[in-house]
Amino acid sequence: MKEKYYITTPIYYPSGKWHLGTCYTTVVCDAIARFKRMCDMDVFYLTGTDEHGQKIEKVAQEVGIDTKLFVDKQVSTLIDLWKRLDISYDKFIRTTDSYHEEAVQKIFNKLYEKGDIYKSEYEGWYCTPCESFWTKTQLVDGKCPDCGREVELTKESSYFFRLSKYQDRLIDLIEKNPDFLQPKSRQNEMLNNFLKPGLQDLAVSRTSFKWGIPVPFDEEHVIYVWIDALTNYITALGYMSDDDSLFRKFWPANLHMMGKEIVRFHSIIWPAILMALDIPLPEKVYGHGWMLLGSDKISKSKGNIIDPIVLSDRYSVDAVRYYLLREIPFGSDGIYTNHAFLSRFNADLCNSLGNLLSRSCAMVNQYFGGTLVKGTTKTQFDEDLLNSVDSLFGKVEKNIDKLLIPEALQEIFNVVNRANKYIDETAPWILAKDVAKKDELANVLYNLIDTLRVVGIVLLPFLPQTARKILADIGVNEPTLFENTVVSGKSVEGTVIVKGNALFPRVNMEKELAAMEKMAQETEQKKVEEKKVEKTEVVTTEVAQTAKKEINIDDFDKIELKIGKILTAEKVEKSKKLLHFTVDTGDRVRSIVSGVAKYFTVEEMIGKEVIVVTNLKTATLGGILSEGMILFADDGDSVVTVEPSKTLKAGSTVS
RNA sequence: CGCGGGGUAGAGCAGUCCGGUAGCUCGUCGGGCUCAUAACCCGGAGGUCAUGAGGUUCAAAUCCCAUCCCCGCAACCA
């Protein structure tokens with residue numbers, strides 16, 4: 001009986017914005033899943049989408065599309081993306097799938113009957129126009145974060161999950177099973193910030209929106225994300241359905257992989273739900289770092305291409321997979337820059353790997369007419385090379401088990417580099433000049449092809465297309481298992497070796513960087529235009545957020561805008577973002593606090609003329625009274641002041 | 001004193017737990033080679049291991065103490 005392996009990504013929220021970060025988790029899981037399959041394990045790899053909730057409902061309404069149609073559309077682009085990236089998931093779950101909805105209702109019932117879910121009141125701030133509840137921390141200056149209007153403290157009836165009941169068991173879990181939550185830094189984070197201070201019961205239903213799974217015995221309520229989304233890991237296996245054979249076979253999960261931002265839900269709420277259901281806990285929850293957008297020295301933060309489709313179109317899917325798998329170290333963040341991407345591409349994929357294949361195949365063709373011959377005359381360098389080939393798989397396997405993905409790839413490339421060195425050591429072109437050395441030459445070339453065979457096979461889980469191309473060129477059938485294939489000496493004499501096209505065509509760094517920057521700018525331009533023109537057609541939640549409701553002239557007339565002259569400016573102590581200004585607005589000198597310390601120095605602000613909202617209700621920021629607001633323009637990358645085109649008297653009106 | 005992570009060669013990082021010649025990748029410079037995708041191989045230069053003529057020690061990047069700086073999260077972004 002095969003050993004089972006169940007691995008999951010989180011289910012993604014279909015907001016329509018998929019970029020490198022979204023791909024990272026999925027590609028890593030894919031590599032692991034493929035690897036385990038080739039280790040002869042029975043693998044189940046799950047991914048999917050979390051489609052319910054207010055945000056989706058609202059966006060769909062605004063566009064006037066049926067909510068289900070809206071998510072269908074979003075999901076299909078995601079599935080296309082996974083196809084593009086060669087993601088080999090075994091199942092794609094959608095929380096709108098009927099089997100999931102039914103199972104969630106049963107789970108909710110079970111917890112309710114057990115007494116772990118109870119009805120009570122949920123206190124929050126309610127924004128009537130938006131029909132939304134907000135917690136105190138979500139409020140912006142005590143107002144609705146969406147529309148900025150007043151909110152009122154309201155009680156809403158809600159079902160609660162007894163999270164507090166499981167607090168001690170959760171602390172135990174994390175403290176006594178250091179393997180459960182990885183990397184270790186997350187353990188402290190969870191213990192110190194959430195578990196030790198005490199857990200509160202969790203509101204698991206809402207009445208403020210309808211786009212969700214109804215509470216089975218109370219139609220007013222829909223089940224909130226916690227129980228709806230997290231349970232996908234078991235409902236996907238048929239838990240609580242007529243056929244739960246997969247559940248019995250694969251649960252508990254061996255690995256829940258996710259970004260560090262949602263570790264909290266998976267290491268606290270999810271185990272608590274499982275405890276309440278009396279189901280075994282997953283073996284491991286792993287919160288990986290993020291792929292951050294770095295900044296190339298020259299181009300600042302601009303011009304980095306983060307659209308995986310664009311990158312894979314231009315440089316191949318495996319170039320993208322390789323970068324993702326190679327650049328994010330265990331437990332911390334990786335940085336994406338065009339330069340780093342191209343650097344990896346050229347140095348590793350083109351120069352080391354591609355060129356090794358190219359030169360090896362070329363020599364077999366040149367010296368032996370393209371037929372593999374196994375010589376018997378060994379060289380003094382054989383042993384070292386073959387040792388590195390024979391020990392490769394073990395090293396990679398060890399790293400994969402510890403989730404050290406970049407290190408696993410490093411091991412593979414170490415062998416590639418060793419092989420390149422072997423060519424130099426044995427100098428086949430010299431052997432070729434001496435007829436007496438023909439057998440030794442055959443041996444050298446055999447060892448090279450044999451090394452490429454093992455490298456190709458071990459690369460299959462990581463770079464499937466590349467690995468297949470390598471194997472095809474050297475006439476090897478793609479194996480389904482590692483067993484018996486990842487040791488030296490298994491190449492078959494007489495195999496036809498082809499010298500095919502370059503695996504990865506080397507790029508000119510400077511030209512390519514310039515081209516990428518240009519592409520990025522064009523994409524950016526397009527995005528801006530799309531936002532302007534297609535407000536109704538292509539909708540993402542992002543667009544919905546930036547577009548404000550229409551107002552009439554009277555609304556606008558309520559705002560008093562004046563030209564002000566900045567007299568003094570200083571940083572607000574204890575705050576990173578706040579600057580404190582005194583501004584002459586004609587009528588008087590005002591104290592104004594703005595959150596722009598990141599963008600301006602104190603010196604450059606003094607003496608500037610700016611536009612000020614002078615009839616804004618005063619507020620206290622960073623302990624300082626702010627009597628108005630200075631207008632700034634923001635394009636997402638930079639923030640600038642808005643100034644009159646020529647100097648005016650302070651107090652001049654703006655309308 | 002909010003929580004956490006970090007400061008090691010031009011860039012990105014390892015080494016720190018368990019003190020003992022400071023290492024890897026990229027870049028750079030020089031050499032070699034010509035099978036190969038101007039690729040490959042070898043070698044050099046480049047580091048007061050944030051600071052403190054701090055403490056412990058025969059010995060500190062590593063352990064202890066103090067300080068400074070950076071980055072996340074939280075709070076505040078009118």
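Chain identifiers are assigned alphabetically (A, B, ...) following the order of the sequence lines, protein sequences preceding nucleic acid strands; residue numbering begins at 1 within each chain.
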Rounding to an integer number of Å, can you tell me how far A:Arg359 CZ sits from B:U34 P? 12 Å
NA contact type, A:Leu503, heavy-atom cut-off 4.0 Å: base, sugar-phosphate, or nothing? base
Could you state the atom-to-atom distance from CG of A:Asn346 to P of B:A38 in whole Å? 11 Å
Protein and nucleotides 23-31 of chain B: nitrogen or oxygen contacts under 3.5 angstrom:
| from | atom 1 | to | atom 2 | distance (Å) |
| --- | --- | --- | --- | --- |
| B:C26 | O2' | A:Ser343 | OG | 3.4 |

Spacing between A:Phe341 atom CZ and B:G12 atom P, to the nearest angstrom: 20 Å
Return the value, rounded to whole Å, for the distance between atom CG of A:Asp473 and atom P of B:U37. 13 Å
Name the closest nucleotide to the A:Asp424 side chain, picking from B:C33, B:C40, B:U37. B:C40
Are A:Asn443 and A:Thr377 close enough that a side-chain donor and a side-chain acceptor fall under 3.5 Å? no
Reckon A:Phe504 touches a base, only the sugar-phosphate, or nothing at all at heavy-atom distances under 4.0 Å? base
Between A:Ile423 and A:Ile592, who's closer to the 5' end of RNA chain B by nearest nucleotide? A:Ile423
For B:G12 and B:A50, measure between their P atoms and round to the nearest Å. 15 Å
Using whole Å, report how far NZ of A:Lys511 lies from P of B:A38. 13 Å
I need the CE-P distance between A:Met363 and B:C40, as an integer number of Å. 14 Å
Atom P, compared across B:G27 and B:A38: separation rounded to whole Å: 15 Å
How would you label the contact of A:Asn420 with the nucleic acid (heavy atoms, under 4.0 Å): base, sugar-phosphate, or nothing? sugar-phosphate
Within the structure, does a side-chain N or O atom of A:Lys421 lie under 4.0 Å from either OP1 or OP2 of B:C40? no
Could you tell me how the ring of A:Phe265 sits relative to the ring of A:Trp226: parallel (under 30°), tilted (30 to 60°) or perpendicular (over 60°)? tilted
Considering only atom P, compute the distance from B:G7 to B:G15 and round it to an integer number of Å. 10 Å
Distance check needed: B:C35 C1' versus A:Asp434 CG, whole Å only. 17 Å
By ring pair (Phe, Tyr, Trp, His ring centres under 6.0 Å), which residues pair with A:Phe341, not counting sequence neighbours? A:Tyr315, A:Tyr323
Looking across every strand, which nucleic acid part, if any, lies under 4.0 Å from A:Lys433 by heavy atom: base, sugar-phosphate, or nothing? nothing
Please give the distance between the P atoms of B:A61 and B:C70 as a whole number of Å. 26 Å
Kindly write out the residues that satisfy ring pair (Phe, Tyr, Trp, His ring centres under 6.0 Å) with A:Phe462, not counting sequence neighbours, or none if the list is empty. none
All pairs passing salt bridge (Lys or Arg N to Asp or Glu O under 4.0 Å) where residues 316-325 of chain A contributes a residue, at least two apart: A:Asp30-A:Arg321
List in chain and number order the residues that pass salt bridge (charged side-chain N to carboxylate O under 4.0 Å, His left out) with A:Arg359, two or more places apart in sequence or in another chain; answer none if no residue qualifies. none
Pick base, sugar-phosphate or nothing for A:Ala362, based on heavy-atom distances below 4.0 Å to the nucleic acid. sugar-phosphate
How far, in whole Å, is B:C58 from B:G30 if one measures between their C1' atoms? 41 Å
Kindly write out the residues that satisfy ring pair (Phe, Tyr, Trp, His ring centres under 6.0 Å) with A:Phe413, not counting sequence neighbours, or none if the list is empty. A:Tyr322
When the C1' atoms of B:A45 and B:C29 are compared, how many Å lie between them, rounded to an integer? 7 Å
Tell me which nucleotide, if any, is Watson-Crick or G-U wobble paired with B:C76 when both distances must be under 3.5 Å. none
Nearest-Å distance for atom pair CZ/C1', residues A:Phe345 and B:G12: 20 Å
Carboxylate-amine/guanidinium proximity below 4.0 Å for A:Asp401 and A:Lys398: no
Rounding to an integer number of angstrom, what distance separates B:U25 and B:A14 when you compare their P atoms? 15 Å
Inter-nucleotide P distance (B:G5, B:C64), Å rounded: 14 Å
Look at A:Arg418 together with A:Asp384 and state whether they make a salt bridge at an N to O cut-off of under 4.0 Å. yes
